[in-house]
Amino acid sequence: MIPVLIVLNAGSSSLKFQVYDMVDGAEPRLVWKGLYEGLGGAARFAVKDKGGAILEEKTWDAGDETGHEAALMHLVAWLSQFREERKPVAIGHRVVHGGEAFSVPVLVDESVLQRLEALVPLAPLHQPHNLEPIRIVRRRLPGMPQVACFDTAFHQTQSDIATLFALPREMRERGVRRYGFHGLSYDYVASVLKDYDPQLAKGRVIVAHLGNGASLCALKDGVSTATTMGFSALDGLPMGTRCGAVDAGVIFFMLREMRLSPEEAESVLYKKSGLLGVSGISNDMRVLRSKAAGDPNARRAIDLFVYRITREIGSLVAALGGLDGLVFTAGIGENDVATRAEVIGGLAWAGLTLDEAANRSGGPRISAGSGPTAWVVPTNEELVIARQTRSVLGATQTKLAS
Ligand code: AMP
């Protein structure tokens, strides 16, 4: 019987899962991955093996009971057909916010869960959805160990100054500071960089996580020293539908002059801005690239995205005191040849030179010449959650045994 870990990443209407074999001493090994989407309505389930072949699919009608609880219980039932071979021993959850208190992954009990619920105001659009499956599992599968793995934790190595806003001191005391996100992705990239270039892994590296959410992280010797996201996941780069950094004065204008409610303003900034807002077409880079030649609005959205990435890289080069390497990851970073070429094209001043053929074939190294190097490194946030979950479980078992 192989013990397995379930990794869950819950959104407002989706539940992504991966199942890992846990073999003593070895890296957790992916067995199945899948998702539920459209939860609360006409939901869909699909599960694939580790090679990407679909094993099973199912759809539900809009009138069916298809909330997160129904999805989780469906997953438990689906897994039970393998109960002779594999036994779930723990669940690892992606949780967006660990606040100041949680700088490492944590085994969840009632008191931890209450402290995580108290962080909902810091990430109101994501934290409640991340925590809902933890509550459901506590109720429906009591005794199942659950580990919360945080998007913020990787950035807790940053200096006080790097995390400080120039706001009155009492606001800092209320937790208003830069936290940073996408930490599970940066943790993964930092952990594998030595396999690409051992020297670089110890150096000054900027990682560009460019997906539907987008941010940059400045690593020194594999440790986060600065990042573009701040108090919320809105800050920094423009994203698929999020605005990135805007002057705070814009928000007062929206509230006072445009008479938007805080909820309406929030929805504009999170859901109607970024590539979608500027182009008026789509949040999907593939769609924008396909239209860029003939549609000036698509071109403008892409140009702004690239311009902001290049400018923010300049800021992080200053924070790092130089640059040894640039790494592209996530949906756009791993797949969009043109975005990588345009960003590197804007960094000639920093000594970066594109290797066009290597960029077209996906790297991993996509730079030429003797300056800083550029790389494509596919991210794997779920593997980091599996690693962290196993390590927390291992530590707990050791504590119990001693
Ligand atoms: P992620 O959030 O990491 O899943 O990334 C999602 C984004 O990656 C989407 O907005 C797509 O625009 C982008 N993406 C995925 N595949 C490609 C591709 N082949 N070319 C350009 N962009 C892509």
Side-chain angles (χ1 to χ4, degrees), residues 7-18 33-37 46 48 52 94 96 123 125-126 129-130 151 154 181-189 192 207-217 227-229 233-234 236-244 270-293 295 297-306 308-309 327-345 356 358-364 366 375-385:
V7 169
L8 294 182
N9 182 357
S12 59
S13 64
S14 67
L15 181 68
K16 294 188 197 146
F17 65 89
Q18 296 200 352
K33 58 180 168 183
L35 91 166
Y36 296 84
E37 57 188 356
K48 299 177 182 173
R94 180 197 200 142
V96 67
L125 302 189
H126 295 101
H129 306 304
N130 300 158
D151 263 316
F154 186 72
F181 298 88
H182 290 141
L184 298 163
S185 174
Y186 294 129
D187 188 322
Y188 178 78
V189 172
V192 295
V207 184
H209 177 108
L210 308 178
N212 204 29
S215 70
L216 304 173
C217 181
T227 187
T228 55
M229 278 182 172
L234 264 189
L237 306 178
M239 311 176 210
T241 63
R242 281 174 258 166
C243 55
Y270 273 94
K271 297 188 176 148
K272 299 178 186 160
S273 299
L275 294 174
L276 173 66
V278 175
S279 69
I281 300 169
S282 173
N283 64 322
D284 191 318
M285 184 57 93
R286 283 164 294 199
V287 175
L288 297 179
R289 285 281 173 203
S290 72
K291 293 186 183 287
D295 187 322
N297 290 322
R299 186 69 254 172
R300 206 156 163 247
I302 295 172
D303 287 349
L304 176 62
F305 185 62
V306 170
R308 292 293 322 174
I309 295 167
V327 174
F328 292 91
T329 194
I332 299 172
E334 291 167 28
N335 297 297
D336 193 26
V337 174
T339 294
R340 294 196 301 255
E342 288 164 13
V343 169
I344 292 176
E356 282 183 31
N359 186 38
R360 270 196 303 277
S361 60
I366 58 169
W375 303 82
V376 180
V377 176
T379 195
N380 194 340
E381 292 157 289
E382 292 80 8
L383 180 58
V384 172
I385 297 172

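All values below come from the heavy atoms of this structure, side chains included, with hydrogens, waters and symmetry mates left out. On a predicted model such as this, the values are computed, not experimentally measured, just so you know. Every number for a ligand or one of its atoms is a count from 1 in the order of the listing.
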Handout entry: Residue contacts for ligand 1, heavy atom to ligand atom, distance under 4.0 Å
Key = G211, N212, N283, D284, M285, R286, A330, G331, I332, N335, D336

Fill in the blank from the handout: Applied to residues 274-284, the salt bridge (Lys or Arg N to Asp or Glu O under 4.0 Å) test, sequence neighbours excluded, yields D284-R286

Exercise for the section: Answer whether the closest heavy-atom distance between the side chains of K272 and T241 falls below 4.5 Å. Expected result: no

Exercise for the section: State whether a side-chain donor-acceptor pair under 3.5 Å links H182 with S215. Expected result: yes

Completion exercise
Residues at least two apart in sequence or cross-chain that pass side chain to side chain donor-acceptor pair (under 3.5 Å) with N9, listed by chain then number, are none

Handout entry: side chain to side chain donor-acceptor pair (under 3.5 Å) against Y188, all qualifying residues, sequence neighbours excluded
Key = none

Handout entry: Other residues, nucleotides, ligands: >12 heavy atoms within 6.0 Å of R289 CZ
Key = yes

